[in-house]
Amino acid sequence: MSKLFTTTALLAALTLPAQAVQPAAGETLADSQTYTYWLLDAIKTLDPAKNTDVEGSDVLRQVFEGLMNEGPTGAMVPGVAESHTESDDGLTYTFTLRDARWSNGDPVTAQDFVYAWQRVVNPETASEYAWFLELMNVQNATQIIAGDLPPDQLGVRAVDDRTLEVRLTARTPYFLKTLSHATTFPVPQKVVEQHSDAWTQPGNLVGNGAFTLQSHNLGVDITVVKNPEYWDAANVVMQTVRGVTVNDNNIALTRYLAGELDRVQIPAGQYPRLSGDYPDQAVSIPYACSYAYVFNVSDKGPEALKDVRVRQALSLGLNRDIIVDQVLQGGQKPAYSWTHWAIEGFQAPDTEIAAMTQEQRTEKARALLTEAGYGPDKPLALTLQYNTDENHKKLAIAAQQFWKPLGVNITLNNVEWKVHTDRMQNQDFDMARYAWCADYNEASTFLDWFRTEGYNSGKWSNAEYDKLMAESKTAADTAPLYKRAEEILAQEVPAVFVYHYAKVDMLNPAVKGVPTENVTNAWYAKDFYRVAD
Amino acid sequence: MFAYILRRLAIAVPTLLLLIVLSFLLMHLAPGGPFTQERALPPQVLANLNAKYGLDDPLWRQIWNYVWGIVVHFDFGPSFVYPDRTVNQLIADGFPVTLTYGSLAFLAAVAVGITLGTLAAIRQNTWLDYLAVGISIGAQVLPNFVMAPLLVLVLTLWLGWLPGGGWSFSDPSFWIMPVIALSTSYMASIARITRSSMLEVLGSNHIRTARAKGMPEHRVILRHALRPAMLPVVSYLGPVFVSMITGSVVIDIYFSTGGIGKAFVDSALNRDYAVMMGVTILVGALTILFNLVVDILYAWIDPKIRY
């Protein structure tokens, strides 16, 4: 027995003729429907199974379409799947696909999804994001990745050309939210097999998104143009979308001001000036990433950090307001929870630390350190490791200064990115900078990190926390569980949560339809249009 | 002479092999690997990746397979970081870009540098000398990472004359800023070396003799002074040419040319072993080649040198 499961958003989107891409009254469309945006670096791959980058996902979302898309506020809206049903036990999802076509005119079938998902977990593909299907709890994903089962045993099946069935190992509250992730996009089997690794090159690549790949000059630019075969092509106004690589953020800003780009990130610290000079162009959008200093509480870590009072003191002593208001200056928020404040449905607990003034926090930090046996007479010496980057450096220096009056002497340890990562994963650090970005718009994407089995490079472990996170997988209402989990984090302090990200950009006001309320910052150029100046 | 060239080329082979083995070992000494990332990979996924790229073989076998691939198939392997492309493709895409702006910058630096240096020497201690020395010191102290953003600011934002970056083989307007930014400091060095070398030659006996015979000054300079004065310049130009055509990471970053210079630095940071090896071999081979070219030029410039 299965029940019809249709969200309000899904219904609303189905009944509306089109998304709000038509110009409002008084707006005239520009003759040239082109959107040019900034890329910091080269797009590494256009293969949905191999992509690992945010920038790569941005292009893939234009060139391919998954079962679901994200709407302008981050709510899920139908993509290739017109509707779906969920079984009572939450273990089987059945999707009905719409009449969609690949850019070469072939129909998009359920088999294309089956092939794509099997390809992701196939050890031969060696996908760095194969774990995403494990995260989705698709049946047998883990065993196939390990090589213990053949890829055709994956819990995904084409019932017929237009019906896709997915079987999960456990009820997964966030399952639908994973379906807009590039790793789950369909790929055209014929084309992949014909061209092998070169299938993603211009001329070879066949997609099912609103745009098709026109050219890709590695490290220079990538251009996609409107795909006439797209099922909703009639409602796509934008004709050309171009990502331009500019490896230096300041030069990118200059080129934005010269009119070469429509969107660019604002270099750190320049938001106040630019929002004063260009109030209609400088935007700050909440962005679902959190920044932290992780404590190494493993056997290899320093003895002092195993004392919860020391960890609490370091967290209390860090003046996040100064970091956010004086250093970053771009609408970021001080973090007292690991989950980003703007994540859908997340309710941050009322913690003591969040409610205090900084004077109170500093005072309590001193008291805790004294209690733990440290202080100006017996200073605590620790290292703080961060990877080479101007902003990380600024923050680390600030942290060093905040902790110094408490009698904590911090040695800053600046290492190259790969060394940083390698040392973190081998617990070869005292404190290390870390940041995590949401894979989907739900709190577990953050909270899973601190599970004993999570990525958790500081090796903090808490039985109650693990239990809560396990319960949350099948709970009808997860909010109280997540709230309690955050309370434990606030009490136990496995890391100092520093700030919650904001995406701080210059955006050409002539380009309309750019989402400013989706915390994952997923965007679809099919919803964009350009008005005449 | 011919035998000399052959001998030099024969030595190049073991030199390159040594370069390959040493770079390979050094590269593997660095912590982390191509698949080390913020989100640690599950062990099975990492094992699958290592198996796919042969990284689970013993090091000696990896080196052997790598060299074998190059010698037999001229295949420099797959990129770990750009899985859609092979190293051969990456170099084929990036090297022509760097070669284009690098050669142009080289020609510009040589032409302007030698002219400035020569003028300064033959008009020593006049306003022309001071001007030339002033320009070359100015160009020397203005590093290209300062100059590049300034060029974009002035030529793109203020004047709107040139595109602020990117690359096109069919549109030379993309070439101008990289060429200016890359050539200036080399130009300054060439001018200074030319000037001091020229001054030394102008004070030598054979020039005095030529002048005493009543030879017109321009013939003295062009026929008798310039050629010997070029010796130190040429020995400087060999390695400079190689470093210019194999790219400047600064130029690639600031002008987003897609050139090989940034690819090289990125490959080291990303532990993209195959790309790093490919570019190392390219740079190594070019260095050996142009050192040879310089030595041949020596013999041509200075009749006293014979091999």
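Below, chain A is the first sequence line, B the second, and so on; all start at residue 1.
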Approximate separation, where rounding is to 0.5 Å, of A:Asn217 CG and B:Phe169 CZ:
9.5 Å
Could you grab the distance from atom CG of B:Leu151 to atom OG1 of A:Thr254, nearest 0.5 Å is fine?
11.5 Å
Around atom CD of A:Glu124, are there more than 12 heavy atoms from other residues, nucleotides or ligands closer than 6.0 Å?
no
Is there a side-chain contact between A:Asp41 and B:Lys262 in this structure, where contact means two heavy atoms from C-beta onward sitting under 4.5 Å apart?
yes
Would you compute the distance between atom CG of B:Asn48 and atom OG of A:Ser127 and round it to the nearest 0.5 angstrom?
9.5 Å
Where on B:Thr257 is there a heavy atom nearer than 4.5 Å to chain A: the side chain, the backbone, both, or neither?
backbone
Report which part of A:Ser457 has an atom under 4.5 Å of a heavy atom belonging to chain B: side chain, backbone, both, or neither.
neither
Within a reach of under 6.0 Å around CD of A:Glu193, are more than 12 heavy atoms found that belong to other residues, nucleotides or ligands?
yes
Is it true that B:Asp266 and A:Lys44 have a side-chain N and a carboxylate O under 4.0 angstrom from each other?
no
Measure across A:Thr125 and B:Lys52 and return the closest heavy-atom pair with its distance rounded to 0.1 Å.
O-NZ, 3.9 Å
Let me know if A:Ile43 has heavy atoms under 4.5 Å from chain B in its side chain, its backbone, both or neither.
backbone
Using heavy-atom distances under 4.5 Å, tell me whether A:Asn51 contacts chain B through its side chain, its backbone, both, or neither.
neither
Please indicate whether A:Tyr455 has more than 12 foreign heavy atoms, meaning atoms of other residues, nucleotides or ligands, lying under 6.0 Å from its OH.
yes
Name the option with the most non-hydrogen atom pairs under 4.5 Å to chain B; the candidates are A:Asn426, A:Thr142, A:Thr421, A:Asn250.
A:Thr421
Heavy-atom contact with chain B under 4.5 Å, split by part of A:Ser196
neither
Do you know which of B:Pro83, B:Gly166, B:Gly258, B:Gly33 has the most heavy-atom pairs with chain A at a distance under 4.5 angstrom?
B:Pro83
For a side chain to side chain contact (heavy atoms under 4.5 Å, CB included) with B:Asp84, tell me which candidate from A:Asp47, A:Leu205, A:Asp197 qualifies.
A:Asp47
Assess whether atom CZ of B:Phe74 is packed by more than 12 heavy atoms of other residues, nucleotides or ligands within 6.0 Å.
no
Nearest-0.5 Å distance that lies between atom OG1 in A:Thr45 and atom CZ in B:Arg85:
9.0 Å
Is there side-chain contact between B:Leu90 and A:Leu218, with heavy atoms separated by less than 4.5 Å?
yes
Got a second to check how far B:Phe255's CZ is from A:Asp248's CG, nearest 0.5 Å?
10.5 Å
A:Val220 portion near chain B, given a 4.5 angstrom heavy-atom threshold
both
Exactly one candidate in A:Leu39, A:Asp221, A:Val246 meets side chain to side chain contact (heavy atoms under 4.5 Å, CB included) with B:Ser256; the answer is A:Val246
Who are the ring-ring contact (aromatic ring centres under 6.0 Å, His included) partners of B:Trp158, not counting sequence neighbours?
none
For the side chain of A:Glu260 and the backbone of B:Gly164, is there at least one donor-acceptor N/O pair under 3.5 Å apart?
yes
B:Thr156 to A:Ala258 - nearest heavy-atom pair and separation:
CG2-CB, 3.8 Å
The interface call for A:Glu128 against chain B, heavy-atom contacts under 4.5 Å, is both
Max heavy-atom pairs within cutoff under 4.5 Å with chain B, candidates A:Gly147, A:Ala435, A:Pro123, goes to A:Pro123
Hydrogens and angles aside, do B:Thr36 and A:Asp422 bring a side-chain donor and acceptor to less than 3.5 Å of each other?
no
Are the side chain of A:Lys418 and the backbone of B:Pro31 linked by a donor-acceptor contact shorter than 3.5 Å?
no
Taking C-beta and beyond as the side chain, do B:Tyr254 and A:Asn247 meet within less than 4.5 Å on heavy atoms?
no
Just give me the residue among B:Pro149, B:Gly32, B:Gly160, B:Gly165 that pairs up with chain A most often, heavy atom to heavy atom, under 4.5 Å.
B:Gly165
Chain B heavy atoms under 4.5 Å from A:Asn387: which part of the residue, side chain, backbone, both or neither?
neither
For the atom pair CG (B:Leu153) and CG (A:Leu257), what is the distance rounded to the nearest 0.5 Å?
9.5 Å
So which part of B:Pro163 gets closer than 4.5 Å to some heavy atom of chain A, the side chain, the backbone, both or neither?
both
Where along residues 268-282 of chain B does a heavy atom come under 4.5 Å of chain A, listed by residue number?
B:Ala268, B:Leu269, B:Asn270, B:Arg271
What part of A:Trp436 gets within 4.5 angstrom of chain B, counting heavy atoms only: side chain, backbone, both, or neither?
side chain
Bottom line for A:His216: the part with an atom under 4.5 Å from chain B's heavy atoms is both
